[in-house]
Amino acid sequence: MIEWIHPGFIYIFGAFLVPFLKGRERLKQVYVLLLPILAFVTLILMSKGVLLSEGKTWIVTFMGYELILGRIDLLSMVFAYVFVIASFCMFLYSIHIKEDWQHIAALVYIGSTLGVVFAGDLLTLFFFWEMMACASLFIVWYGKTKSASSAGFRYIMVHSFGGVCLLAGVLIHLQNGGSLAFDSFTWGIGSEYLGIYLILLAFLINVAVPPLGAWLADAYPEASVTGAVFLTAFTTKSAIYVLIRGFPGVDMLIWLGAIMALYGVVFAVLENDIRRLLAYHIISQVGYMVCGVGMGVFGTAAGEMAINGSTAHAFCHILYKAVLFMGMGAVIEVTGRRKLTELGGIYKYMPITFWLYMIGAFSISGFPLFNGFISKTMVVYASGMWGYSAIWLMLELASVGTFLHTGLKLPWGVWFGRDTPICEAREPPKNMLAAMGLTAFLCVLLGVYPKILYNILPYPVHYEPYGAGHVIAMCQLLVFTFVAFWMLRDKLHGTPTITLDTDWFYRLPGKWVIRFCKGPLMAFASFIDRNVMKLAGFFVWFSKNPAAALRIKGEEAKLKAKKPSITPEKAEAYERELEAIKEKQPMKAPMVRFNIGTAMLLVLLLIAVYLIAMLIHGWLIT
């Protein structure tokens with residue numbers, strides 16, 4: 001029996017064949033869609049025990065440590081399932097793209113994310129963590145604009161800092177006697193926990209916890225139409241996975257998550273850019289998951305409900321957020337516009353795109369019969385089980401804000417909001433509509449039949465989302481939100497403003513650093529470069545014939561010594577004579593035997609230095 005086929009390697013090694021399909025567009029499209037299908041079949045065979053049952057496999061020895069590339073359990077499998085399913089929908093959305101390197105970057109990005117999911121030790125986790133950051137950087141840069149380039153640099157700077165924190169944390173953790181295995185960490189206060197603190201900081205950066213998460217709303221909207229869809233799914237949700245794996249039940253995460261949920265909603269109010277608005281709602285929705293991780297105390301019913309809720313909401317969020325970004329990407333694709341103030345009244349051109357988008361909007365808002373309802377409410381219910389009334393209220397308020405802006409303000413401003421269309425539009429390419437349709441269908445399927453998802457969660461689910469009281473309460477909340485929006489819709493239009501986030505604190509110093517690098521630093525570098533090249537040129541000239549070069553320099557020195565006594569009438573003749581001396585080439589002197597001898601002398605000197613060094617080394621050892 002085959003021990004295991006790593007699903008992530010299907011994507012990573014599959015990426016190497018994409019350039020060989022250049023010019024065969026139809027074959028390349030089939031190939032790119034085939035890779036997620038192969039990965040999904042692999043996961044199915046793993047779940048059936050054909051390839052591998054639960055446990056740890058594919059162990060590699062490195063520097064005395066056992067690296068576990070495959071840790072298989074319910075938690076890793078549920079995240080692997082949604083990453084693979086979402087990747088198929090996203091590649092279907094982007095198969096019309098002819099640039100091979102966009103597909104390659106996406107494949108490596110997804111493969112490295114699966115590497116994080118199946119990593120059973122901290123070094124393997126770090127390796128795939130950094131690969132994921134590098135691959136996603138190129139996805140941002142493929143926006144091919146000046147703002148995309150700048151956002152990509154800021155993105156990789158933040159994630160490089162996170163990677164350094166992760167590596168430093170792992171090394172300090174090992175130095176303090178900790179295990180290399182990637183399991184739940186022991187949380188406490190004291191210097192002996194420094195490594196664990198750094199590991200948590202690295203995870204919180206990727207999960208976009210404020211004030212560390214401004215990179216998300218900065219970078220995601222600058223990617224290409226298709227690239228932004230890939231970015232929505234993998235970085236933050238893989239960070240939720242590692243938080244569940246490493247830090248369940250850490251109290252501070254409860255409040256951080258609740259603050260995130262409100263933070264994203266508040267900033268979405270201020271946004272004019274349609275994808276930036278959706279990016280802030282990623283932060284808000286991920287806040288629910290972080291909050292659930294904090295409440296996930298092992299061995300308690302409320303803790304298991306919270307972990308199940310975070311996992312289920314990550315699963316559902318990947319799908320409905322993909323639909324939302326696909327819808328806004330389709331608008332940008334056909335209109336070339338991305339701001340609310342530049343859009344409006346285009347419903348008659350794009351009715352299909354609108355209704356598919358609204359399925360995602362209903363899902364993220366928690367409407368009954370859509371997948372957000374059966375996952376988000378699990379986290380809210382867990383907060384009630386723990387008795388966290390303030391947390392419960394904060395999460396409910398975030399739900400109201402989500403529906404207000406993603407479900408009402410954004411589609412109203414893009415497709416309606418004006419009596420006459422502000423621009424002409426059309427439905428996007430058929431593959432984009434098909435991808436939106438498939439992903440929207442999955443959102444409805446899970447909402448109508450949640451058992452499909454509940455049956456693969458880490459713990460047995462004892463929760464009935466469609467209780468009469470729960471459905472009525474949610475419907476009341478959503479109806480009142482709609483009424484409030486309709487009454488105030490004229491005051492909720494977009495405004496052409498720039499929203500300042502916490503990235504301002506490193507953007508401003510960054511401008512000074514760049515200005516310094518372009519000005520004084522480059523001038524200094526040019527000065528050093530000129531003089532080094534001049535010195536190198538002199539040594540090249542001198543090495544052609546040292547004896548002749550010394551004689552020429554001697555003549556030059558004698559002539560310069562006479563300069564103070566030279567009258568102004570003889571100055572011109574002096575300059576001509578000096579130039580003639582400088583133009584002399586030492587190779588013209590007949591000193592060939594001296595050159596060979598000099599070379600031999602240098603070789604002998606080098607040998608002597610080497611022998612002396614060896615003798616000293618031997619003396620030190622003895």
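If you're wondering where the values come from, they're calculated on a predicted model, not measured in any experiment.
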Classify the angle between the aromatic ring planes of [X] and [Y] as parallel (below 30°), tilted (30 to 60°) or perpendicular (above 60°).
{"X": "H405", "Y": "H281", "value": "tilted"}
{"X": "F91", "Y": "H103", "value": "tilted"}
{"X": "Y357", "Y": "W415", "value": "tilted"}
{"X": "Y220", "Y": "W215", "value": "perpendicular"}
{"X": "F362", "Y": "F367", "value": "tilted"}

Are there over 12 heavy-atom neighbours, none belonging to [X], within less than 6.0 Å of that residue's [atom1]?
{"X": "W141", "atom1": "CH2", "answer": "yes"}
{"X": "Y466", "atom1": "OH", "answer": "yes"}
{"X": "W355", "atom1": "CH2", "answer": "no"}
{"X": "F161", "atom1": "CZ", "answer": "no"}
{"X": "Y381", "atom1": "OH", "answer": "no"}

Measure across [X] and [Y] and return the closest heavy-atom pair with its distance rounded to 0.1 Å.
{"X": "A398", "Y": "S284", "value": "CB-OG, 4.3 Å"}
{"X": "V293", "Y": "I307", "value": "CA-CD1, 4.3 Å"}
{"X": "V108", "Y": "A15", "value": "CG2-CB, 4.1 Å"}
{"X": "G213", "Y": "I283", "value": "O-CD1, 3.9 Å"}
{"X": "L201", "Y": "C165", "value": "CD2-SG, 3.7 Å"}
{"X": "C89", "Y": "L438", "value": "SG-CD2, 3.7 Å"}

Hey, does [Y] have a side-chain heavy atom less than 4.5 Å from the side chain of [X]?
{"X": "Y454", "Y": "P465", "answer": "yes"}
{"X": "M378", "Y": "H313", "answer": "no"}
{"X": "L74", "Y": "L457", "answer": "no"}
{"X": "V250", "Y": "L243", "answer": "no"}
{"X": "H470", "Y": "E464", "answer": "no"}
{"X": "W101", "Y": "Y142", "answer": "yes"}
{"X": "Q102", "Y": "F230", "answer": "no"}
{"X": "R275", "Y": "I332", "answer": "yes"}

Can a donor-acceptor pair be found, under 3.5 Å and without considering hydrogens, that links the side chain of [X] to the backbone of [Y]?
{"X": "N272", "Y": "T341", "value": "yes"}
{"X": "K321", "Y": "A233", "value": "no"}
{"X": "R337", "Y": "C423", "value": "no"}
{"X": "S87", "Y": "V84", "value": "yes"}
{"X": "S76", "Y": "R71", "value": "yes"}
{"X": "Y241", "Y": "V117", "value": "yes"}

| query | ring-ring contact (aromatic ring centres under 6.0 Å, His included) between F118 and F9: does it pass, once the steps are laid out? | reply | CA-CA 11 Å; F118 288 112; F9 288 176; over 10 Å; no
| Identified side chain to side chain contact (heavy atoms under 4.5 Å, CB included) counterpart of F325 within the set V229, V225, T226 |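 For F325, the side chain to side chain contact (heavy atoms under 4.5 Å, CB included) test succeeds with only one of V229, V225, T226, which is V229.
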| message | Run the side chain to side chain contact (heavy atoms under 4.5 Å, CB included) test on F234 and M90 for me, step by step, so that the C-alpha distance in whole Å, both residues' side-chain angles and the decisive distance to 0.1 Å come before the verdict. | response | CA-CA 12 Å; F234 301 103; M90 293 170 182; 3.9 Å; yes
| message | What's the separation between atom CD1 in I274 and atom OG1 in T406, rounded to the nearest 0.5 Å? | response |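 Atom-to-atom, I274:CD1 and T406:OG1 are 12.0 Å apart.
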| request: Return the set of residues passing side chain to side chain donor-acceptor pair (under 3.5 Å) with T235 (not counting sequence neighbours), or none when no residue passes. | output: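 T235 satisfies side chain to side chain donor-acceptor pair (under 3.5 Å) with Y109 only.
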| request: Answer with yes or no whether the side chains of T113 and Y11 bring together a donor and an acceptor at under 3.5 Å. | output: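 No donor-acceptor contact under 3.5 Å links the two side chains.
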| message | Regarding T311 and Y459, do their side chains bring together a donor and an acceptor under 3.5 Å, going by distance alone? | response |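 No, because no side-chain N or O of T311 sits under 3.5 Å from a partner of the opposite role on Y459.
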| said: According to salt bridge (Lys or Arg N to Asp or Glu O under 4.0 Å), who are the partners of R245, at least two apart in sequence or on a separate chain? | reply: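 By the salt bridge (Lys or Arg N to Asp or Glu O under 4.0 Å) rule, R245 matches D73.
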| task | For side chain to side chain contact (heavy atoms under 4.5 Å, CB included), just list the numbers for N206 and T236, CA-CA rounded to whole Å, side-chain angles, deciding distance to a tenth of an Å, and then say yes or no. | result | CA-CA 6 Å; N206 269 32; T236 51; over 6 Å; no
| message | side-chain hydrogen bond (donor to acceptor under 3.5 Å, both in side chains), that's the test. Do S375 and Y288 meet it? Break it down for me. | response | CA-CA 10 Å; S375 62; Y288 285 84; over 6 Å; no
Kindly list each side-chain donor-acceptor pair under 3.5 angstrom involving residues 128-140, sequence neighbours excluded, with atom names and distances?
from	atom 1	to	atom 2	distance (Å)
S136	OG	M132	O	3.0
S136	OG	A133	O	2.9
S136	OG	Y155	OH	2.6

| request: Please assess I282 against K237 for the test side chain to side chain contact (heavy atoms under 4.5 Å, CB included), listing each intermediate value before the final yes or no. | output: CA-CA 10 Å; I282 293 178; K237 260 55 84 196; 4.2 Å; yes
